[in-house]
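Ligands are counted one by one from 1 in listed order, and the atoms in each one are counted from 1 as well.
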Amino acid sequence: MPDDRVDVAIVGGGPAGLALAHSLKMRKVVVRVVTPPATWHATYGVWRDDVEECELGAPLDTLARGVWSQVRVVGRREHRLRRRYLVFDNERLRRSLADGIDVIVDTASSAEHDLDGTTLRMASGGSLRAKLVVDATGNGVLLAHRAGLGRRSNGHGVARHGEGAQTAYGLVLGNSHHVEPDVFTLMDWRPAGGNAAAPATFFYGARFTDGSTLVEETSLYAQPPHNIEDLRKRLALRLGADFTDTARAVERVHIPMGRSLPARTTRVVGFGAAAGYVHPVTGYSVAGSLRAAPRVASAIDTALRRGEHGAGLSQTAWAAVWPEPLLRTRAWHEAGLAALMRLPSHVIGEFFDEFFSLRTELWAGYLRIDTPPEHVRAAMLGLFARADWSLRLRLASAPGGLLRALAAR
Ligand SMILES: Cc1cc2nc3c(=O)[nH]c(=O)nc-3n(C[C@H](O)[C@H](O)[C@H](O)COP(=O)(O)OP(=O)(O)OC[C@H]3O[C@@H](n4cnc5c(N)ncnc54)[C@H](O)[C@@H]3O)c2cc1C
(Lines give C-alpha, C1' and ligand atoms only; values in the text may rest on other atoms or scores of the structure.)
Protein backbone atom coordinates (compact mmCIF):
# COMPACT_ATOMS: atom_id res chain seq x y z
CA MET A 1 0.00 0.00 0.00
CA PRO A 2 1.25 3.51 -0.75
CA ASP A 3 2.30 5.23 2.42
CA ASP A 4 0.64 8.60 1.95
CA ARG A 5 -2.08 10.45 0.03
CA VAL A 6 -2.62 14.08 -1.02
CA ASP A 7 -4.69 16.08 -3.54
CA VAL A 8 -1.72 17.29 -5.58
CA ALA A 9 1.90 16.12 -5.63
CA ILE A 10 4.28 18.58 -7.28
CA VAL A 11 7.60 17.21 -8.48
CA GLY A 12 10.29 19.90 -8.45
CA GLY A 13 11.07 22.68 -5.97
CA GLY A 14 12.12 25.41 -8.42
CA PRO A 15 10.26 28.73 -8.76
CA ALA A 16 7.43 27.12 -10.79
CA GLY A 17 6.80 24.17 -8.46
CA LEU A 18 6.83 26.29 -5.31
CA ALA A 19 4.68 29.05 -6.87
CA LEU A 20 2.00 26.51 -7.78
CA ALA A 21 2.24 24.80 -4.38
CA HIS A 22 1.83 28.17 -2.67
CA SER A 23 -1.25 29.10 -4.74
CA LEU A 24 -2.81 25.66 -4.17
CA LYS A 25 -2.22 25.92 -0.43
CA MET A 26 -3.89 29.36 -0.41
CA ARG A 27 -6.97 27.60 -1.84
CA LYS A 28 -6.75 24.90 0.85
CA VAL A 29 -5.81 22.15 -1.59
CA VAL A 30 -3.69 19.48 0.15
CA VAL A 31 -0.37 19.68 -1.67
CA ARG A 32 3.08 18.18 -1.23
CA VAL A 33 6.31 18.98 -3.07
CA VAL A 34 8.90 16.32 -3.90
CA THR A 35 12.33 17.77 -4.60
CA PRO A 36 16.01 17.21 -3.88
CA PRO A 37 17.46 19.88 -1.56
CA ALA A 38 16.79 23.01 -3.61
CA THR A 39 19.20 25.92 -3.92
CA TRP A 40 18.37 28.40 -6.64
CA HIS A 41 21.58 29.55 -8.27
CA ALA A 42 20.33 31.52 -11.28
CA THR A 43 19.63 35.26 -11.35
CA TYR A 44 15.87 35.65 -11.63
CA GLY A 45 15.06 38.97 -13.30
CA VAL A 46 11.51 40.17 -14.07
CA TRP A 47 9.74 43.35 -15.11
CA ARG A 48 8.35 44.51 -11.78
CA ASP A 49 4.81 45.29 -12.98
CA ASP A 50 4.53 41.77 -14.46
CA VAL A 51 4.62 40.20 -11.01
CA GLU A 52 3.19 42.82 -8.65
CA GLU A 53 -0.22 41.10 -8.57
CA CYS A 54 1.21 37.60 -8.09
CA GLU A 55 0.70 35.40 -5.02
CA LEU A 56 4.15 35.53 -3.45
CA GLY A 57 3.38 35.27 0.26
CA ALA A 58 5.05 38.63 1.05
CA PRO A 59 5.18 42.16 -0.38
CA LEU A 60 7.09 42.05 -3.67
CA ASP A 61 9.85 44.52 -2.79
CA THR A 62 10.76 42.60 0.39
CA LEU A 63 11.68 39.67 -1.89
CA ALA A 64 13.96 41.72 -4.15
CA ARG A 65 17.75 41.80 -4.33
CA GLY A 66 17.52 44.91 -6.46
CA VAL A 67 14.95 47.13 -8.17
CA TRP A 68 15.87 49.58 -10.93
CA SER A 69 13.63 52.38 -12.18
CA GLN A 70 15.43 52.63 -15.53
CA VAL A 71 16.40 49.96 -18.02
CA ARG A 72 18.96 50.62 -20.71
CA VAL A 73 18.92 48.99 -24.16
CA VAL A 74 21.52 49.84 -26.80
CA GLY A 75 21.01 48.81 -30.42
CA ARG A 76 22.36 51.32 -32.90
CA ARG A 77 21.15 53.96 -30.49
CA GLU A 78 20.51 54.08 -26.76
CA HIS A 79 17.08 53.70 -25.14
CA ARG A 80 16.21 54.51 -21.53
CA LEU A 81 13.06 52.55 -20.69
CA ARG A 82 11.08 53.90 -17.76
CA ARG A 83 9.75 50.55 -16.63
CA ARG A 84 10.93 49.04 -13.37
CA TYR A 85 13.03 45.89 -13.42
CA LEU A 86 13.50 43.61 -10.40
CA VAL A 87 15.92 40.82 -9.53
CA PHE A 88 14.65 38.46 -6.86
CA ASP A 89 16.54 37.56 -3.72
CA ASN A 90 16.36 33.81 -4.42
CA GLU A 91 16.43 32.64 -0.83
CA ARG A 92 13.76 35.10 0.33
CA LEU A 93 11.46 34.21 -2.58
CA ARG A 94 12.02 30.49 -2.05
CA ARG A 95 11.28 30.70 1.68
CA SER A 96 8.22 32.83 1.14
CA LEU A 97 6.70 30.47 -1.44
CA ALA A 98 7.65 27.36 0.56
CA ASP A 99 6.29 28.67 3.86
CA GLY A 100 3.97 26.04 5.34
CA ILE A 101 4.35 23.67 2.37
CA ASP A 102 5.06 19.99 3.08
CA VAL A 103 8.23 19.02 1.26
CA ILE A 104 9.56 15.49 0.75
CA VAL A 105 13.29 15.66 0.09
CA ASP A 106 13.62 12.99 -2.57
CA THR A 107 13.72 12.44 -6.34
CA ALA A 108 10.66 11.14 -8.14
CA SER A 109 11.48 8.29 -10.49
CA SER A 110 8.14 7.20 -11.98
CA ALA A 111 4.37 7.64 -11.85
CA GLU A 112 1.79 4.84 -12.06
CA HIS A 113 -1.80 5.74 -12.84
CA ASP A 114 -5.13 4.08 -12.15
CA LEU A 115 -8.68 5.34 -12.54
CA ASP A 116 -8.63 7.47 -9.39
CA GLY A 117 -5.16 8.84 -9.11
CA THR A 118 -1.43 8.34 -9.33
CA THR A 119 1.25 6.67 -7.27
CA LEU A 120 4.53 8.50 -7.40
CA ARG A 121 7.61 6.36 -6.81
CA MET A 122 10.75 7.90 -5.31
CA ALA A 123 14.42 7.08 -5.69
CA SER A 124 14.55 6.33 -1.94
CA GLY A 125 11.95 3.56 -2.35
CA GLY A 126 9.13 5.63 -0.80
CA SER A 127 5.87 6.45 -2.58
CA LEU A 128 3.18 9.09 -2.53
CA ARG A 129 -0.42 8.72 -3.63
CA ALA A 130 -2.03 11.83 -5.23
CA LYS A 131 -5.18 12.69 -7.16
CA LEU A 132 -2.98 14.70 -9.53
CA VAL A 133 0.77 14.81 -10.17
CA VAL A 134 2.39 17.96 -11.56
CA ASP A 135 5.81 17.82 -13.22
CA ALA A 136 7.67 21.06 -12.44
CA THR A 137 11.13 19.55 -12.92
CA GLY A 138 12.30 22.11 -15.48
CA ASN A 139 13.10 19.49 -18.11
CA GLY A 140 9.86 17.51 -17.73
CA VAL A 141 11.31 14.14 -16.72
CA LEU A 142 7.93 12.60 -15.90
CA LEU A 143 6.24 14.03 -18.98
CA ALA A 144 8.92 12.57 -21.20
CA HIS A 145 8.68 9.29 -19.26
CA ARG A 146 4.90 9.05 -19.63
CA ALA A 147 4.74 10.24 -23.21
CA GLY A 148 7.70 8.15 -24.36
CA LEU A 149 9.51 11.41 -25.18
CA GLY A 150 6.46 12.14 -27.32
CA ARG A 151 6.73 15.87 -27.79
CA ARG A 152 4.99 17.30 -30.82
CA SER A 153 4.64 20.54 -32.70
CA ASN A 154 2.26 23.14 -31.35
CA GLY A 155 -0.02 22.50 -34.32
CA HIS A 156 -0.07 26.09 -35.56
CA GLY A 157 2.06 25.50 -38.62
CA VAL A 158 4.95 27.66 -37.48
CA ALA A 159 8.45 26.66 -38.53
CA ARG A 160 10.28 25.09 -35.60
CA HIS A 161 13.99 25.44 -34.96
CA GLY A 162 14.76 22.35 -32.90
CA GLU A 163 16.34 22.16 -29.49
CA GLY A 164 19.00 24.77 -28.91
CA ALA A 165 19.78 27.06 -26.00
CA GLN A 166 20.37 30.57 -24.79
CA THR A 167 23.85 30.78 -23.28
CA ALA A 168 25.72 33.41 -21.31
CA TYR A 169 28.95 33.86 -19.38
CA GLY A 170 28.64 36.07 -16.32
CA LEU A 171 30.82 37.35 -13.49
CA VAL A 172 29.86 38.76 -10.13
CA LEU A 173 32.39 41.49 -9.36
CA GLY A 174 32.76 44.11 -6.64
CA ASN A 175 31.78 47.69 -7.38
CA SER A 176 32.63 47.94 -11.07
CA HIS A 177 32.81 51.06 -13.23
CA HIS A 178 31.66 48.97 -16.21
CA VAL A 179 28.07 49.36 -15.11
CA GLU A 180 26.16 52.57 -14.51
CA PRO A 181 24.66 52.66 -10.99
CA ASP A 182 20.83 52.76 -10.72
CA VAL A 183 20.33 51.61 -14.31
CA PHE A 184 19.79 48.02 -15.43
CA THR A 185 21.51 47.32 -18.75
CA LEU A 186 19.30 44.64 -20.30
CA MET A 187 20.97 44.53 -23.71
CA ASP A 188 23.90 46.36 -25.25
CA TRP A 189 24.35 45.11 -28.80
CA ARG A 190 27.46 47.13 -29.60
CA PRO A 191 30.13 44.59 -30.61
CA ALA A 192 32.49 43.43 -27.86
CA GLY A 193 35.76 45.38 -28.10
CA GLY A 194 34.54 46.93 -31.36
CA ASN A 195 35.01 43.52 -33.01
CA ALA A 196 31.78 42.83 -34.94
CA ALA A 197 32.26 39.05 -35.02
CA ALA A 198 29.17 37.10 -36.01
CA PRO A 199 26.90 35.92 -34.54
CA ALA A 200 25.95 38.96 -32.49
CA THR A 201 25.89 38.68 -28.70
CA PHE A 202 25.04 41.33 -26.16
CA PHE A 203 26.21 42.71 -22.82
CA TYR A 204 23.94 42.62 -19.76
CA GLY A 205 24.84 44.14 -16.42
CA ALA A 206 23.70 45.75 -13.21
CA ARG A 207 24.93 46.91 -9.84
CA PHE A 208 23.17 45.65 -6.70
CA THR A 209 22.57 47.44 -3.42
CA ASP A 210 25.08 45.11 -1.66
CA GLY A 211 27.82 46.66 -3.85
CA SER A 212 28.22 43.66 -6.15
CA THR A 213 28.01 43.95 -9.94
CA LEU A 214 26.79 41.32 -12.41
CA VAL A 215 28.28 41.52 -15.90
CA GLU A 216 27.35 39.05 -18.59
CA GLU A 217 27.87 38.33 -22.29
CA THR A 218 24.76 36.66 -23.67
CA SER A 219 23.61 34.94 -26.82
CA LEU A 220 19.93 34.75 -27.65
CA TYR A 221 18.57 31.32 -28.64
CA ALA A 222 20.96 29.59 -31.00
CA GLN A 223 21.02 26.13 -32.53
CA PRO A 224 23.63 24.86 -31.85
CA PRO A 225 24.07 26.96 -28.70
CA HIS A 226 26.71 29.71 -28.74
CA ASN A 227 29.94 28.45 -27.19
CA ILE A 228 30.29 29.67 -23.57
CA GLU A 229 34.11 29.99 -23.79
CA ASP A 230 33.66 32.36 -26.74
CA LEU A 231 31.24 34.41 -24.60
CA ARG A 232 33.92 34.54 -21.90
CA LYS A 233 36.43 35.95 -24.43
CA ARG A 234 33.92 38.50 -25.67
CA LEU A 235 33.16 39.62 -22.11
CA ALA A 236 36.89 40.05 -21.44
CA LEU A 237 37.18 42.18 -24.61
CA ARG A 238 34.32 44.33 -23.38
CA LEU A 239 35.72 44.78 -19.87
CA GLY A 240 39.35 45.21 -21.01
CA ALA A 241 40.49 42.07 -19.11
CA ASP A 242 39.29 38.63 -18.02
CA PHE A 243 38.26 39.06 -14.38
CA THR A 244 37.30 35.39 -13.90
CA ASP A 245 40.02 34.64 -11.35
CA THR A 246 39.15 37.57 -9.11
CA ALA A 247 35.36 37.39 -9.52
CA ARG A 248 33.18 36.63 -6.50
CA ALA A 249 31.24 34.13 -8.61
CA VAL A 250 31.03 32.87 -12.17
CA GLU A 251 27.65 32.26 -13.84
CA ARG A 252 27.56 29.89 -16.82
CA VAL A 253 24.09 30.09 -18.29
CA HIS A 254 22.59 27.39 -20.47
CA ILE A 255 18.82 27.61 -20.89
CA PRO A 256 17.46 24.82 -23.10
CA MET A 257 15.00 26.25 -25.63
CA GLY A 258 13.30 25.43 -28.90
CA ARG A 259 11.47 22.31 -27.73
CA SER A 260 7.92 21.70 -28.84
CA LEU A 261 5.30 22.01 -26.13
CA PRO A 262 4.51 18.79 -24.25
CA ALA A 263 1.65 16.67 -25.59
CA ARG A 264 -0.86 18.02 -23.02
CA THR A 265 -2.76 14.73 -23.02
CA THR A 266 -0.74 12.99 -20.31
CA ARG A 267 -2.00 12.17 -16.83
CA VAL A 268 1.01 13.94 -15.32
CA VAL A 269 0.51 17.65 -15.94
CA GLY A 270 3.44 19.98 -16.64
CA PHE A 271 4.05 23.40 -15.13
CA GLY A 272 6.82 26.00 -15.50
CA ALA A 273 9.76 25.32 -17.80
CA ALA A 274 8.68 21.65 -17.98
CA ALA A 275 5.43 22.79 -19.62
CA GLY A 276 7.19 25.06 -22.12
CA TYR A 277 6.84 28.32 -20.17
CA VAL A 278 10.28 29.52 -21.29
CA HIS A 279 9.63 32.50 -23.56
CA PRO A 280 10.88 31.51 -27.05
CA VAL A 281 12.75 34.78 -27.55
CA THR A 282 13.94 35.91 -24.10
CA GLY A 283 14.57 32.56 -22.37
CA TYR A 284 12.73 33.84 -19.28
CA SER A 285 10.10 31.76 -17.48
CA VAL A 286 9.92 32.88 -13.86
CA ALA A 287 7.39 35.71 -14.29
CA GLY A 288 5.34 33.43 -16.57
CA SER A 289 5.17 30.74 -13.87
CA LEU A 290 4.39 33.20 -11.06
CA ARG A 291 1.59 34.74 -13.16
CA ALA A 292 0.13 31.35 -14.16
CA ALA A 293 0.15 29.79 -10.67
CA PRO A 294 -3.13 31.37 -9.41
CA ARG A 295 -4.95 30.52 -12.68
CA VAL A 296 -3.85 26.87 -12.63
CA ALA A 297 -4.40 26.49 -8.88
CA SER A 298 -7.95 27.86 -9.17
CA ALA A 299 -8.78 25.45 -12.00
CA ILE A 300 -7.43 22.46 -10.04
CA ASP A 301 -9.25 23.56 -6.88
CA THR A 302 -12.57 23.93 -8.71
CA ALA A 303 -12.14 20.58 -10.47
CA LEU A 304 -11.38 18.81 -7.19
CA ARG A 305 -14.45 20.36 -5.57
CA ARG A 306 -16.53 19.12 -8.52
CA GLY A 307 -15.19 15.62 -7.85
CA GLU A 308 -13.14 15.37 -11.05
CA HIS A 309 -10.49 12.67 -10.96
CA GLY A 310 -8.18 10.62 -13.14
CA ALA A 311 -7.78 11.65 -16.78
CA GLY A 312 -10.58 14.25 -16.58
CA LEU A 313 -8.83 16.10 -13.76
CA SER A 314 -5.57 16.08 -15.73
CA GLN A 315 -7.30 17.49 -18.83
CA THR A 316 -8.83 20.31 -16.78
CA ALA A 317 -5.42 21.16 -15.35
CA TRP A 318 -3.70 21.06 -18.79
CA ALA A 319 -6.36 23.40 -20.18
CA ALA A 320 -5.45 25.91 -17.45
CA VAL A 321 -1.70 25.44 -17.98
CA TRP A 322 -2.13 26.18 -21.71
CA PRO A 323 -5.48 27.82 -22.47
CA GLU A 324 -6.24 27.76 -26.21
CA PRO A 325 -5.63 31.51 -26.83
CA LEU A 326 -2.18 31.24 -25.25
CA LEU A 327 -1.26 28.47 -27.69
CA ARG A 328 -1.90 31.02 -30.43
CA THR A 329 0.23 33.52 -28.52
CA ARG A 330 3.00 30.91 -28.50
CA ALA A 331 2.68 30.51 -32.25
CA TRP A 332 3.20 34.29 -32.72
CA HIS A 333 6.22 34.21 -30.44
CA GLU A 334 7.72 31.43 -32.51
CA ALA A 335 7.00 33.39 -35.68
CA GLY A 336 8.82 36.34 -34.11
CA LEU A 337 11.80 34.15 -33.27
CA ALA A 338 11.82 32.78 -36.83
CA ALA A 339 12.02 36.35 -38.16
CA LEU A 340 14.71 37.38 -35.65
CA MET A 341 16.86 34.36 -36.43
CA ARG A 342 16.91 35.22 -40.12
CA LEU A 343 18.48 38.60 -39.49
CA PRO A 344 22.19 39.05 -40.14
CA SER A 345 24.17 40.03 -37.04
CA HIS A 346 24.68 43.65 -38.05
CA VAL A 347 20.90 44.25 -38.23
CA ILE A 348 19.94 42.82 -34.82
CA GLY A 349 20.68 46.06 -32.97
CA GLU A 350 18.42 47.93 -35.39
CA PHE A 351 15.67 45.34 -34.83
CA PHE A 352 15.76 45.98 -31.06
CA ASP A 353 15.86 49.76 -31.65
CA GLU A 354 12.51 49.45 -33.43
CA PHE A 355 11.13 46.93 -30.93
CA PHE A 356 11.81 49.14 -27.89
CA SER A 357 10.54 52.22 -29.74
CA LEU A 358 7.08 50.69 -29.85
CA ARG A 359 4.55 51.87 -27.27
CA THR A 360 5.48 50.26 -23.93
CA GLU A 361 2.31 48.15 -23.74
CA LEU A 362 3.14 46.63 -27.14
CA TRP A 363 6.70 45.53 -26.40
CA ALA A 364 5.83 44.65 -22.79
CA GLY A 365 2.98 42.45 -24.03
CA TYR A 366 5.22 40.71 -26.53
CA LEU A 367 7.60 39.76 -23.72
CA ARG A 368 4.89 37.97 -21.68
CA ILE A 369 3.78 34.41 -22.49
CA ASP A 370 0.20 35.11 -21.39
CA THR A 371 -0.58 38.14 -23.55
CA PRO A 372 -3.67 37.70 -25.76
CA PRO A 373 -2.56 36.60 -29.24
CA GLU A 374 -4.05 39.63 -30.99
CA HIS A 375 -1.87 41.94 -28.85
CA VAL A 376 1.27 40.00 -29.72
CA ARG A 377 0.32 40.21 -33.38
CA ALA A 378 -0.25 43.97 -32.99
CA ALA A 379 3.28 44.34 -31.59
CA MET A 380 4.73 42.45 -34.55
CA LEU A 381 2.77 44.54 -37.02
CA GLY A 382 3.80 47.70 -35.18
CA LEU A 383 7.45 46.75 -35.49
CA PHE A 384 7.02 45.99 -39.19
CA ALA A 385 5.37 49.37 -39.74
CA ARG A 386 8.26 51.19 -38.01
CA ALA A 387 11.07 49.31 -39.79
CA ASP A 388 12.79 50.76 -42.86
CA TRP A 389 12.37 48.93 -46.18
CA SER A 390 15.51 46.85 -45.94
CA LEU A 391 14.60 45.55 -42.45
CA ARG A 392 11.00 44.97 -43.58
CA LEU A 393 12.18 42.90 -46.50
CA ARG A 394 14.33 40.75 -44.25
CA LEU A 395 11.53 40.28 -41.71
CA ALA A 396 8.93 39.51 -44.35
CA SER A 397 11.05 36.79 -45.93
CA ALA A 398 11.20 34.75 -42.69
CA PRO A 399 9.30 31.46 -43.05
CA GLY A 400 5.98 31.62 -41.21
CA GLY A 401 6.97 35.09 -40.02
CA LEU A 402 5.53 38.56 -40.36
CA LEU A 403 3.89 37.98 -43.73
CA ARG A 404 1.60 35.53 -41.96
CA ALA A 405 0.77 38.21 -39.39
CA LEU A 406 -0.05 40.68 -42.14
CA ALA A 407 -2.18 38.17 -44.02
CA ALA A 408 -4.13 37.00 -40.95
CA ARG A 409 -7.27 38.91 -40.02
C1 LIG B 1 22.06 31.51 -14.93
C2 LIG B 1 20.64 31.62 -15.38
C3 LIG B 1 20.01 32.88 -15.37
C4 LIG B 1 18.65 32.97 -15.68
N5 LIG B 1 18.04 34.19 -15.63
C6 LIG B 1 16.70 34.26 -15.73
C7 LIG B 1 16.00 35.49 -15.52
O8 LIG B 1 16.62 36.54 -15.30
N9 LIG B 1 14.64 35.49 -15.59
C10 LIG B 1 13.94 34.35 -15.86
O11 LIG B 1 12.70 34.39 -15.89
N12 LIG B 1 14.58 33.18 -16.11
C13 LIG B 1 15.93 33.11 -16.04
N14 LIG B 1 16.56 31.93 -16.28
C15 LIG B 1 15.76 30.76 -16.67
C16 LIG B 1 15.16 30.18 -15.40
O17 LIG B 1 16.19 29.89 -14.51
C18 LIG B 1 14.43 28.89 -15.62
O19 LIG B 1 13.57 29.02 -16.74
C20 LIG B 1 13.62 28.57 -14.34
O21 LIG B 1 14.50 28.22 -13.29
C22 LIG B 1 12.66 27.46 -14.57
O23 LIG B 1 11.96 27.28 -13.35
P24 LIG B 1 11.25 25.90 -13.03
O25 LIG B 1 10.82 25.97 -11.61
O26 LIG B 1 10.25 25.63 -14.09
O27 LIG B 1 12.39 24.78 -13.19
P28 LIG B 1 13.78 24.64 -12.41
O29 LIG B 1 14.24 25.96 -11.87
O30 LIG B 1 14.69 23.90 -13.33
O31 LIG B 1 13.43 23.75 -11.15
C32 LIG B 1 13.18 22.37 -11.29
C33 LIG B 1 13.36 21.68 -9.94
O34 LIG B 1 12.98 20.31 -10.10
C35 LIG B 1 13.91 19.50 -9.42
N36 LIG B 1 13.86 18.15 -10.03
C37 LIG B 1 14.34 17.77 -11.24
N38 LIG B 1 14.10 16.46 -11.44
C39 LIG B 1 13.43 16.02 -10.34
C40 LIG B 1 12.89 14.74 -9.95
N41 LIG B 1 12.98 13.67 -10.74
N42 LIG B 1 12.27 14.64 -8.74
C43 LIG B 1 12.15 15.74 -7.92
N44 LIG B 1 12.65 16.96 -8.26
C45 LIG B 1 13.26 17.10 -9.44
C46 LIG B 1 15.24 20.21 -9.60
O47 LIG B 1 16.15 19.81 -8.62
C48 LIG B 1 14.80 21.67 -9.44
O49 LIG B 1 14.79 22.04 -8.08
C50 LIG B 1 17.93 31.81 -16.02
C51 LIG B 1 18.58 30.57 -16.08
C52 LIG B 1 19.92 30.47 -15.78
C53 LIG B 1 20.59 29.12 -15.83
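Using a heavy-atom distance under 4.0 Å as the criterion, the protein contacts of ligand 1 are Val11, Gly12, Gly13, Gly14, Pro15, Ala16, Val34, Thr35, Pro36, Ala42, Thr43, Tyr44, Gly45, Asp106, Thr107, Ala108, Ala136, Thr137, Gly138, Val141, Glu251, Val253, Ile255, Gly272, Ala273, Gly283, Tyr284, Ser285, Val286.
Take Asp242 and apply the side-chain hydrogen bond (donor to acceptor under 3.5 Å, both in side chains) test, not counting sequence neighbours, and it matches Arg232, Thr244. Every residue meeting the salt bridge (Lys or Arg N to Asp or Glu O under 4.0 Å) condition with Lys131, not counting sequence neighbours, appears here in chain and number order: Asp7.
Separation of atoms NE2 (His178) and CG (Leu239) is listed at 4.5 Å; rounding is to 0.5 Å.
Using bins of under 30°, 30° to 60° and over 60° for the plane-to-plane angle, the ring pair Phe356/His79 lands in the tilted bin.
Within the structure, ring pair (Phe, Tyr, Trp, His ring centres under 6.0 Å) pairs that include any residue of residues 5-52 comprise Trp40-Tyr44, Trp47-Tyr85, Trp47-Trp363 (at least two apart or interchain).
Checked for salt-bridge contact, Arg95 and Asp99 miss the test: no charged N lies under 4.0 Å from a carboxylate O.
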